[in-house]
Amino acid sequence: MNLVSTIFLIAMALSLLLTVVSFWLPQMNPDSEKLSPYECGFDPLGSARLPFSLRFFLVAILFLLFDLEIALLLPLPWGNQLLYPLTTLFWAALILILLTLGLIYEWLQGGLEWAE
């Protein structure tokens, strides 16, 4: 058997094994919350004209904003192979400092507190 067919056979066997385990292993205990089609912070069975929670929206936007630092810092390990790795370190530190200052500002302004 050549290498390609061996790899194909192993991949097919592993895929079949994972498919069988995924149907056999999970425990299905549905309740009303899991069966609800919405996960947006308010009751989906009420009126559609109720005002949307601005606090929920702001916390979600803050999460996305501060989660972008991961995407901005992903190329950092390859920065030490550049001609001037200290430049990459400087820009990464600047991004982290700006995000930390933004987090401190939001914390002091009360933007991270859910309940008033």
Under 3.5 Å, side-chain donor or acceptor atoms of residues 92-105 against the rest of the protein: list the pairs with distances, not counting sequence neighbours.
residue	atom	partner	partner atom	Å
T100	OG1	L96	O	2.6

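- The side-chain heavy atoms of T6 and N2, taken from C-beta on, include no pair separated by under 4.5 Å.
- Between atom CD1 of residue I7 and atom CG of residue L14 there is a gap of 13.0 Å, rounded to the nearest 0.5 Å.
- Cluster partners of M12 are F8, counting Ile, Leu, Val, Met, Phe, Trp and Tyr whose side-chain heavy atoms approach within less than 4.5 Å, directly or via other members.
- Separating the OG atom in S22 from the CG atom in L17 is a distance of 10.0 Å, to the nearest 0.5 Å.
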